[in-house]
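A quick write-up on the structure given underneath.
These numbers come from the heavy atoms of this one structure, side chains and all, not from hydrogens, waters or symmetry mates.
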Amino acid sequence: MNNEMNNNINHNEQHYDLVLLQQQGLIDAQNVSDKLLNSAASEAPSPWFISLLFGMSGILASLFFIGFLTLLLDNTGLLDSTLAVFIIGAILSGIGGFLFYNARSRHSPFWNSLAFAITLAGQGYIAYALLASEIAEPLNIVLLLLVQLLMTVVIANFIYRLLSATLALSCLFYLLNYYHLSEVSLGLLALITSVTHLQRYRLAAFIPTKWRMNTLEITNAIGYASAYVLLSVSVYFIAAEYGNSFNSYGEAFSYNYYLAQGLLTLASLYAAYLILKRYQVKLLSAAGLLISAAIVLLGIMSIYVSGLLATSLIIIIATANSQRVLLGLGVIALVGYIFWYYYQLDTSLLVKSASMLVIGIALLLLRWVLIKGYFAHIKPSANDNQERLS
């Protein structure tokens, strides 16, 4: 009797979830059966740390595979030809893509790790062929960027898409730095992070239904990659400020902090607008103006404490979407940036302690005013629950 009641309850819950997914256009109910639902429920995705371990093992295996294959091809003379190296990389990438598809249909961790290693090896050969060839810079970087974007779309694996999107965004940052547009990088990466995390379901609504789930997976990988690159770029500018820039042009480091933080502040204000829109709060309302003032204050402080606004943006987006991994990444980065600022020798520790104390008290008072005066009477909209499914 109890088993029958439980089965009925589970069936009703599955039917309700099915209706919700059908309303969002994420599935076609005509092609869904109880057998398929039970199969999907029994094949839950692996936790993020398990996927991360498989990814690390795939990277290590790809390094051994590249070394072994390079030793075999060294005596044949194929490695002396850029075209041959590129073709070898393309073949390995194609084999890895087929294995990824096979691994996804079989739900096999072994095939998944094997595909990861082979595909990474193929991308390594392609990157070597582009960067070590006679192709002029920055054309080789542009080609590498296009290849990584293609692999991000084609390869159906989150960890690989994360790595490929990270490399693609790193190439984009390099190109901006090459054309002396480094100030645009922070704002652009923050905008990509905000859109992919806060607007992913709205963007997916413009995609045909059969491609919608794949689009959500791609935007999710790009969102995490853009957040990571945004934090890494902040570290780059901290290092470059002290003469450790990564460019090799022999030029002095030149960077307009006011322009860069201004663009980052605008992107952060847009993210605040998207989050407040969930709760039907206008950016020009009293609560919205207080939040905007706090963002501008953090933007001003980021001129002197690199990364403060960027990490705060990541933490706010992670909190809004209930993304614990992204939240942990943002908190660790924020602690690191504050630690770096506090132990710099440009001013005394007493002045830095006093400034940090004043900013902390001001932000806590602002939080208290917002909670007591405004947010206690606000109800989330229907889109809030949808966007929090990240």
Side-chain angles (χ1 to χ4, degrees), residues 43 45-135 137 140-172 174 214 217-218 220-222 224-225 228-229 232 246 325:
E43 296 170 349
S46 302
W48 66 269
F49 50 88
I50 299 296
S51 301
L52 182 61
L53 289 176
F54 275 119
M56 294 175 62
S57 65
I59 293 176
L60 183 61
S62 66
L63 294 177
F64 284 108
F65 184 72
I66 289 175
F68 176 74
L69 187 60
T70 301
L71 290 176
L72 289 179
L73 297 176
D74 188 33
N75 296 327
T76 62
L78 291 176
L79 298 180
D80 297 331
S81 173
T82 302
L83 181 60
V85 174
F86 187 87
I87 293 176
I88 292 173
I91 293 175
L92 291 176
S93 299
I95 295 174
F98 174 76
L99 291 177
F100 267 127
Y101 178 80
N102 189 30
R104 190 165 188 173
S105 61
R106 295 189 179 189
H107 302 277
S108 172
F110 171 76
W111 287 108
N112 198 44
S113 298
L114 180 61
F116 198 92
I118 294 177
T119 309
L120 277 184
Q123 290 301 296
Y125 279 109
I126 291 177
Y128 176 79
L130 293 176
L131 297 179
S133 65
E134 297 180 355
I135 301 178
E137 193 177 274
N140 54 355
I141 303 299
V142 174
L143 293 177
L144 182 60
L145 170 62
L146 295 177
V147 169
Q148 295 307 314
L149 287 178
L150 176 63
M151 299 301 291
T152 302
V153 174
V154 173
I155 300 299
N157 179 268
F158 174 76
I159 298 297
Y160 185 85
R161 279 173 170 166
L162 180 63
L163 294 175
S164 185
T166 300
L167 183 56
L169 292 173
S170 300
C171 292
L172 177 61
Y174 183 88
N214 193 41
E217 294 177 0
I218 294 173
N220 189 33
I222 295 176
Y224 276 96
Y228 173 75
V229 175
S232 301
F246 300 139
V325 177

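Shown here are the side chain to side chain donor-acceptor pair (under 3.5 Å) partners of Y160, two or more places apart in sequence or in another chain: there are none. Not counting sequence neighbours, the partners of L149 by the side chain to side chain contact (heavy atoms under 4.5 Å, CB included) test are L145, A168. When the side chain to side chain contact (heavy atoms under 4.5 Å, CB included) test is applied to I87, the partners found at least two apart in sequence or on another chain are L83, I91. Taking A165 as the reference, T152, I222, A225 meet the side chain to side chain contact (heavy atoms under 4.5 Å, CB included) condition, with sequence neighbours excluded. Not a single side chain to side chain contact (heavy atoms under 4.5 Å, CB included) links L63 to another residue, sequence neighbours left out.
Between L163 and F116 there is a side-chain heavy-atom pair separated by less than 4.5 Å. The shortest side-chain heavy-atom distance between I118 and L114 falls under the 4.5 Å cut-off. No side-chain heavy atom of F86 sits under 4.5 Å from any side-chain heavy atom of Y128. Between I88 and L73, some side-chain heavy-atom pair lies under the 4.5 Å cut-off. A heavy-atom distance below 4.5 Å is found between the side chains of L69 and Y125.
Rounding to the nearest 0.5 Å places CD1 of I141 at 5.5 Å from SG of C171. In this structure, OG in S164 is found 4.0 Å from CD in Q148, a value given to the nearest 0.5 Å. Rounding to the nearest 0.5 Å gives a distance of 9.5 Å between CD of E217 and CG of N157.
With S62 contributing its side chain and L120 its backbone, the two residues share no donor-acceptor pair below 3.5 Å. In this structure, R161 contributes its side chain and I155 its backbone to a donor-acceptor pair below 3.5 Å.
Applying side chain to side chain contact (heavy atoms under 4.5 Å, CB included) to I126 and the options L131, L143, V147, L92 leaves one that passes, V147.
Residue T166 comes nearest to L162 through the heavy atom pair OG1-O, 2.7 Å, listed as atom of the first residue, atom of the second, then distance. Between L169 and V229, the shortest heavy-atom distance links the atoms CB-CG2, 4.0 Å. Scanning all heavy atoms of the two residues, the minimum distance from F158 to A221 falls at CE1-CA, 3.7 Å.
Residue pairs meeting the side chain to side chain donor-acceptor pair (under 3.5 Å) criterion with at least one member in residues 81-99, sequence neighbours excluded, are S93-Q123.
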